[in-house]
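Right, one structure below, let's go through it.
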Amino acid sequence: MFNSIALVGGTHGNETSGIQLIRNWQQFGLPSRFNELDVSLSIANEAAIAANVRFVDEDLNRQFTFERLSNNNSAKEAELAKALNQQLGPKGDSNTDFVIDIHNTTSEMGATLIILEADEFHIQLARYVKQQMPEANILVEDEKPYLEHGYLCTTGKKGVMIEVGGQPQGVLREDVYLLTQTMAEAILDFCAAYNKGQINTDALPACEAFRLGDNVSFPLDANGKRTAMIHHSLQDNDFKPLIPGAPVFRTFDGKDIVWENETETYPHFINEAAYFKLDVAFATAERIML
Ligand SMILES: [Zn+2]
């Protein structure tokens, strides 16, 4: 049963869709069909929003490991994480049944539901969302146990992220906003149906999903300077198969670097602006069925 659900926006201060959706629902109310659900609406990082930046000192969405929540770090987001953990958690012994944290990406990932476990509950959720919203992508990040992630959503007994793009940082696009709203409502519809005992795994069609693999870095020279950019044939092709031999990068002196692995992969977070400083070009994934 979902007795308490927390919807959060503004974990990253320049990801506007979730911020606007939360503010609109605070002002105008949730759609009335959700009246039976206990949903709290929160904005996570007001200081970052005011500055129109992802974060002020450190990435808030990496602060929610047990280790970081218990150490003495005076960074703004480290202190904010401790306060949010009291409000939404506490992590590991949470008073919130389900935390839904809303993000944007500059990559062409459409409406992506990120789940951190592939157990029966999350399979039901993924199948339900995909049935309601066939254009949705399901991304599974279960490379480590749920509670070992540093994500804000792990303050809940269960937690997921909505990741919608492509949208430039600090910009609000109506198409991206509508995808965000549609996915948030699909998840809340699932919660209402789940509470009524109407969810049955076998009654929902199996769905395509992508399981996170590795991050792929930009090519760097001996001084750590970048030597290439994302190839135009890869750009904006998130979750499309990248086959062996297909171009991945174009070097600044005009040569193509191809995908040399023996198997195809499903790249995503291609050219994500927030990962630029980390030299991350994209992440890989394998295609699975849930
Ligand atoms: Zn984000």
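One-based numbering, in listed order, for ligands and for the atoms of each.
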(message) Less than 4.0 angstrom from a charged side-chain N to a carboxylate O is my criterion; do Lys240 and Glu264 meet it?
(response) no
(message) Taking ring-ring contact (aromatic ring centres under 6.0 Å, His included) as the definition, give me every residue that meets it alongside Tyr151, ordered by chain and number, with sequence neighbours left out.
(response) His149
(request) Answer yes or no for Glu15: is there an N/O/S atom below the 2.8 Å cut-off from the Zn ion (ligand 1)? (result) yes
(message) Need the atom name: nearest N/O/S atom of His103 to the Zn ion (ligand 1).
(response) ND1
(message) Under 3.5 Å, is there a donor on one side chain and an acceptor on the other for Glu108 and Asn237?
(response) no
(message) Need the atom name: nearest N/O/S atom of His12 to the Zn ion (ligand 1).
(response) ND1
(message) So, applying ring-ring contact (aromatic ring centres under 6.0 Å, His included) with Phe269, which one of Phe276, Tyr275, Phe282 is it?
(response) Tyr275
